[in-house]
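This report refers to the structure that appears directly beneath it.
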Amino acid sequence: MQRSPAALARLGLRAGEPIRFRRRGSARWVVGRVVGVGADGSIALRDPDGSAKSLRAEAVEIRRPGSRGRL
């Protein structure tokens, strides 16, 4: 797993940034924290319980400001 800022920047992420994901396909969104990038390109994160997870980039959402500044 790569924790360098450059590896995270390639995906547009920062370490410790909040990121949300679903535990199962239809479950509620859960907010976790970005830890790094896996060797296979997956995003490594920690869920609120402290468990480590590794998810595909398509399975997560990141909060970003839009064109008018709103999140």
Side-chain angles (χ1 to χ4, degrees):
M1 177 175 47
Q2 300 174 358
R3 296 178 188 225
S4 68
L8 290 169
R10 279 184 282 191
L11 292 174
L13 300 172
R14 293 180 301 269
E17 183 175 24
I19 191 169
R20 71 184 200 162
F21 64 97
R22 293 180 190 249
R23 292 187 195 260
R24 289 178 226 102
S26 62
R28 291 184 175 190
W29 289 100
V30 178
V31 177
R33 297 278 175 191
V34 175
V35 176
V37 178
D40 61 348
S42 62
I43 299 172
L45 56 99
R46 294 276 180 181
D47 68 3
D49 301 329
S51 299
K53 300 222 177 275
S54 185
L55 300 172
R56 296 184 332 262
E58 300 86 29
V60 298
E61 285 190 357
I62 303 157
R63 192 173 232 192
R64 292 281 186 248
S67 61
R68 296 182 182 218
R70 291 188 64 188
L71 294 177

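Starting from 1, each residue takes its place in the sequence as its number. If you're wondering where the values come from, they're calculated on a predicted model, not measured in any experiment.
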_When you measure from the side chain of Arg33 to the backbone of Gly16, do you find a donor-acceptor pair of N or O atoms at a distance under 3.5 Å?_
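Judged by distance alone, yes, a pair lies under 3.5 Å.
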*Between Pro48 and Val30, which heavy-atom pair has the shortest distance, and what is it?*
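Between these two residues, the closest heavy atoms are CD-CG1, 3.4 Å.
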Is there a side-chain contact between [X] and [Y], using heavy atoms and a 4.5 Å cut-off?
X	Y	result
Arg63	Pro18	no
Ile43	Leu8	no
Phe21	Lys53	yes

ILVMFWY cluster, [X] and [Y] together (side-chain gap under 4.5 Å):
X	Y	result
Leu45	Leu13	yes
Leu55	Leu11	yes
Val35	Val60	no

*asked:* What's the separation between atom OG in Ser42 and atom CD in Glu58, rounded to the nearest 0.5 Å?
replied: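 Between atom OG of Ser42 and atom CD of Glu58 there are 10.5 Å.
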*Partner of Ile62 by side chain to side chain contact (heavy atoms under 4.5 Å, CB included), out of Arg14, Glu17, Arg20*: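 It is Glu17, the one option of Arg14, Glu17, Arg20 that forms the side chain to side chain contact (heavy atoms under 4.5 Å, CB included) with Ile62.
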*Is Asp49 paired with Arg23 through a side-chain N to carboxylate O contact shorter than 4.0 Å?*
yes
